[in-house]
Colleague: 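Questions regarding the structure given below will be posed in turn.
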Amino acid sequence: MLIARSVALFVLAALLEIGGAWLVWQGVREHRGWIWIGAGVIALGLYGVVATFQHDIHFGRILAAYGGVFVGGSIAWGMVFDGYRPDRWDVVGALICLAGMAVIMYAPRGGG
């Protein structure tokens, strides 16, 4: 149950961070305006809050592991919202990052 909760938090964090960054990008680069930028800033702030709900107490571990989620999530976001088509190396790289995330977060540890 703890791993399922952790994964759900990582997915929510990815939606908030990647979505927030995308909203800022749209506001600035696509000239959609300050409302988009403001919504992005709020989403980015909420991402920071969601990350604090992870069970592990180590900030560095959580953010390092989240990096793998961010890589995979960014590619998926680009596919859905921008028509990006990753090549096989993008996919391989994302899978390696996700495997690294799993090792960092869920490897058995002896207490610390």
Side-chain angles (χ1 to χ4, degrees):
M1 186 64 166
L2 194 59
I3 291 176
R5 179 180 185 275
S6 175
V7 169
L9 286 169
F10 276 130
V11 169
L12 179 58
L15 290 172
L16 289 168
E17 186 186 20
I18 297 164
W22 184 80
L23 286 167
V24 171
W25 177 281
Q26 292 295 309
V28 174
R29 297 277 304 247
E30 303 299 326
H31 309 288
R32 294 191 183 211
W34 287 103
I35 291 175
W36 286 67
I37 295 167
V41 168
I42 290 168
L44 288 164
L46 290 172
Y47 148 74
V49 172
V50 168
T52 69
F53 294 121
Q54 287 288 351
H55 184 291
D56 195 289
I57 63 169
H58 302 287
F59 174 82
R61 182 176 293 148
I62 298 298
L63 269 285
Y66 175 69
V69 176
F70 181 81
V71 170
S74 294
I75 288 175
W77 187 280
M79 291 171 64
V80 171
F81 292 99
D82 288 327
Y84 173 67
R85 295 292 169 241
D87 65 22
R88 68 179 173 200
W89 300 113
D90 294 326
V91 173
V92 168
L95 291 172
I96 290 169
C97 290
L98 288 169
M101 179 279 279
V103 170
I104 290 168
M105 279 303 294
Y106 310 122
R109 290 191 164 77

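On a predicted model such as this, the values are computed, not experimentally measured, just so you know.
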Colleague: Treat each ILVMFWY residue as a node, draw an edge where side-chain heavy atoms are under 4.5 Å apart, and state whether Leu44 and Val11 are in one component.
Modeller: no
Colleague: To the nearest 0.5 Å, tell me how far Arg109 CZ sits from Arg61 CZ.
Modeller: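 Separation between the atoms: 3.5 Å.
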Colleague: Quick one: side chain to side chain donor-acceptor pair (under 3.5 Å) partners of Trp36, sequence neighbours excluded?
Modeller: none
Colleague: Side chains of residues 92-103: which donor-acceptor pairs under 3.5 Å do they make with residues two or more places apart or in other chains?
Modeller:
none

Colleague: What are the two closest non-hydrogen atoms of Ala14 and Val69, and how far apart are they?
Modeller: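 In this case the closest contact between Ala14 and Val69 is CB-CG1, 3.9 Å.
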Colleague: Which is it for Leu15 and Tyr47 under the side chain to side chain contact (heavy atoms under 4.5 Å, CB included) test, yes or no, and what are the steps along the way?
Modeller: CA-CA 8 Å; Leu15 290 172; Tyr47 148 74; over 6 Å; no
Colleague: Name all residues meeting the side chain to side chain donor-acceptor pair (under 3.5 Å) criterion together with Ser74; count only those two or more places apart in sequence or in a different chain, and write none if there are none.
Modeller: none
Colleague: For Phe59, give me all partners under ring-ring contact (aromatic ring centres under 6.0 Å, His included), at least two apart in sequence or on another chain.
Modeller: none
Colleague: Does Leu9 share a hydrophobic cluster with Val49, counting links as ILVMFWY side-chain heavy atoms below 4.5 Å and allowing steps through other members?
Modeller: yes
Colleague: Enumerate the side-chain hydrogen bond (donor to acceptor under 3.5 Å, both in side chains) contacts for residues 10-22, please, sequence neighbours excluded, ordered by first and then second residue.
Modeller: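 Pairs touching residues 10-22 that pass the test: Glu17-Tyr66, Trp22-Asp82.
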Colleague: Is any side-chain heavy atom of Leu12 less than 4.5 Å from a side-chain heavy atom of Phe53?
Modeller: no
Colleague: State yes or no: do Val91 and Val71 share one hydrophobic cluster built from I, L, V, M, F, W and Y residues joined by side-chain heavy-atom distances below 4.5 Å, directly or via other members?
Modeller: no
Colleague: Can you list the residues that meet the ring-ring contact (aromatic ring centres under 6.0 Å, His included) rule with Phe10, with sequence neighbours excluded?
Modeller: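 Phe10 satisfies ring-ring contact (aromatic ring centres under 6.0 Å, His included) with no other residue.
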Colleague: According to a 4.5 Å side-chain heavy-atom criterion applied to Ile, Leu, Val, Met, Phe, Trp and Tyr, with indirect links allowed, do Leu16 and Val24 form part of one hydrophobic cluster?
Modeller: no
Colleague: Who are the side chain to side chain contact (heavy atoms under 4.5 Å, CB included) partners of Ile42, not counting sequence neighbours?
Modeller: Leu46
Colleague: Under a 4.5 Å cut-off applied to non-hydrogen side-chain atoms, are Arg32 and Ile37 in contact?
Modeller: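 Not in contact.
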Colleague: Any chance you could pull the hydrophobic cluster mates of Ile104, using side-chain heavy atoms under 4.5 angstrom and chaining through other members?
Modeller: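 Once heavy-atom contacts under 4.5 Å are chained together, Ile104 still belongs with nothing else.
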Colleague: Taking all heavy atoms of Tyr106 and all of Ser6, pick out the closest pair and write down the distance.
Modeller: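 In terms of heavy atoms, the two residues are closest at OH-OG, 2.7 Å.
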Colleague: Restricting to non-hydrogen atoms, name the atom on Gly73 and the atom on Ile18 that form the minimum distance, rounded to 0.1 Å.
Modeller: C-CD1, 3.4 Å
Colleague: Nearest 0.5 Å please: distance from the CG atom of Leu2 over to the NE2 atom of His55.
Modeller: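 One gets 5.0 Å once the value is rounded to the nearest 0.5 Å.
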Colleague: So, taking the atom named CD1 in Ile35 and the one named CG in Leu23, what distance separates them when rounded to the nearest 0.5 Å?
Modeller: 12.0 Å
Colleague: List the residues meeting ring-ring contact (aromatic ring centres under 6.0 Å, His included) with Phe70, not counting sequence neighbours, and say none if there are none.
Modeller: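 Phe70 satisfies ring-ring contact (aromatic ring centres under 6.0 Å, His included) with no other residue.
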Colleague: Would you please name every residue forming a side chain to side chain donor-acceptor pair (under 3.5 Å) with Arg5, sequence neighbours left out?
Modeller: none
Colleague: Which other residues end up in the same hydrophobic cluster as Trp25, if Ile, Leu, Val, Met, Phe, Trp and Tyr are linked when side-chain heavy atoms come under 4.5 Å apart?
Modeller: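 Besides Trp25, the cluster holds no residue at all.
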